[in-house]
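Atoms considered below: every heavy atom in the structure, side chains included; atoms not considered: hydrogens, waters and symmetry mates. For ligands, and for the atoms within them, numbers begin at 1 and follow the listed sequence.
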Amino acid sequence: MAIAENIATRAQEVVNRCRRLAEFSESAEGTTRTFLSAPMRRCHEEIGGWLEAIGAEMRVDPAGNVRGFYAGDKSGAPRLLLGSHLDTVPNAGAFDGVLGVVLAVALLEELAGKRLPFSIEVEGFSEEEGVRFGTPFIGSRALVGRLDDELLKRVDAGGVSMRRAIEAFGLNPGKLQEAVLQDDVLGYLEFHIEQGPVLESLELPLGVVEAIAGQTRMEFTFSGRSNHAGTTPMNLRRDALAAAAEWIVAVEQTAKSVQGLVATVGRIEAKPGATNVIVGEARLSLDVRHKLDEIRVSAASSLIQQAQQIAASRGLSARHALLNQEAVAMDSFLVEEIEEAIRKSGCTPQRMTSGAGHDAMILAEKVPAAMIFLRTPGGISHDPAETVETEDVAKAIECGLHLLEQLASSREFLKRTSRA
Ligand code: GLV
Ligand code: MN
Ligand code: MN
């Protein structure tokens, strides 16, 4: 497979397309696109047009994932999955997730109709960030059969359940089985911006992910008693927001005291939320990460205990809902193939652990999975200033084409079957 000469143009188009998708937003300014929101449909339409032009069949599965199928050289050929997620955090940049989907489409375009001994399925996952339901990876969970009734019952800030959100988008949650991977999958590959400073500091455009750090996410509720702000003396208050504030400081101190531990309270909601009313209920999110699962798990349980102690000392109660995602190793065969493809693109591969979570960690439960990182200018992500160098995107396309060529001629790869 000769590498096409127009890769620089293709890379520019990839960047332009990411910026175009960033226009599909729930907010008038910036980009916010959560699970099955109206702008997600606009995204689907746009991507559907690109897929149709290259003869790939597109469907939206019952979990709202875009699935674009580009057939292999014979019927019944096994399939390779290539993609990332289409949802965003509030006030996001244009590249987190979206870049991996747009790059997958660009690789199919570069194939220019050529068929490989495997089909390629482009994945545009409906949800990875966990913004709408406090639950990350909704899209990729559906592919591994982990979108269960418990999760479907979760409600968003407006009281809409996940099940209802799926129905409101015109999809059938009763058919989620149709989203689950069959046993013809050879593996999953995901291009993603690094979202950190490592590649930039090493002056390298591309990296290969060896492992993805685990994460614990929690929803905490402190319940006290709302009352009049003018008439209730300080010693007779059960102020839920003051308890939450004490705990937030404890979260910061706990994380600072353990090497490599990060813990974040990213959202807080106080009820009833008026200047002259003591807060009766405070709800907070907590995100805890460390590359070693034991350290993360023990920090999370210490933070739960501290919340309970703070609540008890103030005459309040504290409850929490917990979601754990363990650290995951990437497939060593694919990691080595990626390293070779990066070298063939004229770059030095850098092995790294991802501190951010990715759909690849969910897919890895069922199929061999691996990721390629692109340098992130300034290490900035989850912010409108997030960007990528067009030259690095060109290197990623080159790397992807080498990788497809390597895999297409690898007997070892083609005889692998999925663990589904
Ligand atoms: C994904 O962006 C994460 O929060 O790890
Ligand atoms: Mn993200
Ligand atoms: Mn992401």
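When non-hydrogen atoms are compared, ligand 1 lies under 4.0 Å from neither the backbone nor the side chain of His85. At a heavy-atom distance under 4.0 Å, only side-chain atoms of His382, from C-beta outward, approach ligand 1. At a heavy-atom distance under 4.0 Å, no atom of His192 approaches ligand 1.
Checked against a 3.5 angstrom limit, the closest N/O atoms of Gly357 and ligand 1 fall inside it. Residue-to-ligand polar distances keep Gln195 apart from ligand 1: every N/O pair is separated by 3.5 Å or more.
Of the charged side-chain nitrogens involved, at least one lies within less than 4.0 Å of a carboxylate oxygen, so that Arg79 and Asp184 count as a salt-bridged pair. A salt bridge links Glu46 with Arg20: the closest approach of a Lys/Arg side-chain nitrogen to an acidic carboxylate oxygen falls below 4.0 angstrom.
Using modelled atom types, one finds a donor on one side chain and an acceptor on the other under 3.5 Å when comparing Asn324 with Arg296. Between the side chains of Gln306 and Thr254, a donor-acceptor pair is found at a separation under 3.5 Å.
Which parts of ligand 1 touch Arg289 is read off a 4.0 Å heavy-atom cut-off, strictly below it: atoms 3 (C), 4 (O), 5 (O). Set against the non-hydrogen atoms of Ala356, the atoms of ligand 1 under 4.0 Å away are 5 (O).
By the neighbour-count criterion of 12 heavy atoms within 6.0 Å, atom NZ of Lys344 is densely surrounded, having more than that number from other residues, nucleotides or ligands.
Across all non-hydrogen atoms, the minimal contact from Thr376 to Gln195 is OG1-N, 2.9 Å.
At a 4.0 Å cut-off, at least one heavy atom of Gln215 sits close enough to ligand 1 to count as contact. Distances from ligand 1 to the non-hydrogen atoms of Gln325 include no value under 4.0 Å.
Remark: at the Mn ion (ligand 3), atom OD1 from Asp96 and atom NE2 from His192 enclose 80°, rounded to the nearest 10 degrees.
Seen from the ring of Phe169, Arg41 counts as a face-on cation partner, given the 6.0 Å and 45° thresholds.
In terms of distance to the Mn ion (ligand 3), the nearest N, O or S atom of His85 is named NE2.
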